[in-house]
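Have a look at the structure below before the remarks.
Just so it is clear: chains get the letters A, B, ... in the order the sequence lines come, proteins before strands, and each one is counted from 1. In this text the structure is predicted, and so the values were computed from the model without any measurement.
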Number of protein chains: 2
Amino acid sequence: MRDVDLERVRALPLFCGCTDETFRTLTTGAFLQRFPAGTTLLLEGDQVDFLYVLLDGMVELEGTWNDRETTLAVLRPVSTFILAAVVLDADGLMSAQTVERSDILMISGAAIRRVMSQDAGFAVAVAQEMAGCYRGLVRTLKNQKLRGGLERLANYLITQRLRQGGGATFELPHEKRVLASLLGMTPENLSRSLASLADYGVEVHGPSVTITRPAVLERLAKPDPLIDNHQPVTDALTGQAQQERWPLPDRGIRAA
Amino acid sequence: MRDVDLERVRALPLFCGCTDETFRTLTTGAFLQRFPAGTTLLLEGDQVDFLYVLLDGMVELEGTWNDRETTLAVLRPVSTFILAAVVLDADGLMSAQTVERSDILMISGAAIRRVMSQDAGFAVAVAQEMAGCYRGLVRTLKNQKLRGGLERLANYLITQRLRQGGGATFELPHEKRVLASLLGMTPENLSRSLASLADYGVEVHGPSVTITRPAVLERLAKPDPLIDNHQPVTDALTGQAQQERWPLPDRGIRAA
DNA sequence: GTCGCGCCTTGATTTGCATCAAGACGGCTC
DNA sequence: GAGCCGTCTTGATGCAAATCAAGGCGCGAC
């Protein structure tokens, strides 16, 4: 495994608080693998033996029931996934497959569980990461239960705009059918909803979206910091916990 | 605080792995309080200063947006809540209110965060509890996105039957309007859905439900271990992590 | 180039669910 | 007891979303 990759992993919130020894223990048994697009990494119900760390590419997490299928999340580097199943040594509740060719680091789950009880700093980092993932899901569930399809889409666009720098034009990060599934609607309905957002200043050309009147769109979307995480995504902030900690600077002051 | 209450807390998965010193640190600063029914313990967006432990009574967790409201969970003793916000020192994403008169132990969040980095056993327990909560939410989200209202209700009834001993007759644990909100439907629709389940051998008299032909109901509900957690609730198994660990007996053997 | 195959879009139709409205029932106060 | 309020039920209606169906478009294979 290349040093540059090791450093990227070491910089993850999940690993930056652990001891060198812990990190060495975890990475010596680990291996980095490259998967082509469309590879199924993990099937719902499978025993989970590894923690996965996405270093490059894109991964989709999905759930199925009764021949239906839904996208639960789409991951970008650098992210870890199925940590919860690893912590509890339980079966995975979702499937994972690559969307693009992806570089993925696989770390022994047994090693992670072993090391947690020896390195409190690492255990704390795992707890924080899990808490961040949990809060992300709470947001998703509220989004799903409280908003209608058009509102979910409008808020998604607003969030994307901010995450991609806040300019008027940005790119949809996935295929539209994936986006539809993520938003809990059919591709047909996503298409229609995008069309009807033209009235609110949204122009769509293929994967490129331009929001001409943000204020108008916001009046429809009613974004809410308790549902939408508008944190800008920077290189410095990876991992679910960090994303949930924002905006914590002033909290730190309050607590001090 | 009474010794008998202290012991119940000590026996929680979250606390039974920590040192005596950790436990003493956490509980000396804590206080037990009794709240009447309908008390709001915590409002969405509030800063969270305490970990709450429900010792007696019933608590509802809810989320709101744009004058809409949805129930995210209903808790029974002994449960902890808002652990994620405590771990990350973040604002709460949901409101909490008592449904019945409730005895609730409040433990300093700052103390919890402090103690985590000193007691690896405790930090591991927190990580496991968070992982269990996370997996519970994944199940909820799949339930919500993949199934229709009638299917959610049918599966809810099957789960309740098992949790209450598996007899043909059992009781709905909450008011029907709360149940409706939990299942993501209106009270009107819950009423109609219950009525239409008569065709599948479900008899309802007030809060009491009888399932006369479980096989027929299951053919409609198609329960799935990756969505429905059919673990029987016993006194020995409290806490989200433990509930997610079942059925682990044979996993232990495989791993050995 | 031409074919074929996904993806996306658009339209027509049906279904599921929310909403609106009214009434039944039980528990409560006075 | 009468009156009231909240819960639950039932029916009528309207809207949102899924489904079904057809066609356009981009792109790679050959």
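C:dA12 atom P lies 16 Å from atom CG of A:Asn189, rounded to whole Å. Protein atom CG of B:Leu183 is 13 Å distant from nucleotide atom P of D:dC8, rounded to whole Å. Rounded to whole angstrom, the span from the CD atom of A:Glu175 across to the C1' atom of C:dC5 amounts to 13 Å. The distance between atom CG of B:Asp67 and atom P of C:dA18, rounded to the nearest whole Å, is 17 Å. Taking atom CG on B:Leu190 and atom C1' on D:dT7, their separation rounds to 12 Å, with Å as the unit. What separates CG of B:Leu179 from P of D:dT7 is a distance of 14 Å, to the nearest Å. Atom CZ of B:Arg192 is separated from atom C1' of C:dA21 by 11 Å (rounded to the nearest Å). If you take CG of B:Leu194 and P of D:dT7, they are 17 Å apart, rounded to a whole angstrom.
Taking all atoms of both residues into account, the shortest heavy-atom contact from A:Gly206 to A:Lys176 is O-NZ, 3.2 Å. Contact record, A:Leu179 with A:Leu172: CD2-CD2, 4.2 Å, taken as the closest heavy-atom pair.
The only option from B:Arg152, B:Lys142, B:Arg139, B:Arg147 that meets the salt bridge (charged side-chain N to carboxylate O under 4.0 Å, His left out) definition with B:Asp228 turns out to be B:Arg147.
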Please test B:Glu62 against B:Gln97 for side-chain hydrogen bond (donor to acceptor under 3.5 Å, both in side chains), starting from the C-alpha separation and ending with a verdict. CA-CA 8 Å; B:Glu62 37 192 16; B:Gln97 69 168 331; 3.0 Å; yes

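Among the heavy atoms of the strands, none lies under 4.0 Å from B:Gly206.
Of all nucleotides listed (D:dG11, C:dA12, C:dC8), C:dC8 comes nearest to the side chain of A:Lys176. Side-chain proximity of B:Arg177 to C:dA18, D:dC8, D:dG11: nearest is D:dC8. Ranking C:dT19, D:dA18, D:dT7 by closeness to the B:Arg68 side chain, first place goes to C:dT19. Closest contact between the side chain of A:Glu188 and the listed nucleotides C:dT10, D:dA17, D:dA12 involves C:dT10.
Looking only at distances, a side-chain donor or acceptor of B:Trp65 sits under 3.5 Å from a matching main-chain atom of A:Lys222.
The end-to-end axis angle of the helix from C:dG1-D:dC30 to C:dC30-D:dG1, rounded to 10 degrees and based on five pairs per end, is 30°.
Applying the 4.0 Å criterion to OP1 and OP2 of C:dC8, one finds that A:Ser191 has every side-chain N and O outside that range.
Within 6.0 Å of CZ on A:Phe170 lie more than 12 heavy atoms contributed by other residues, nucleotides or ligands.
Using the six-membered ring where Trp is involved, A:Tyr52 and A:Phe81 have ring planes that are parallel, under 30° apart on the 30 and 60° scheme.
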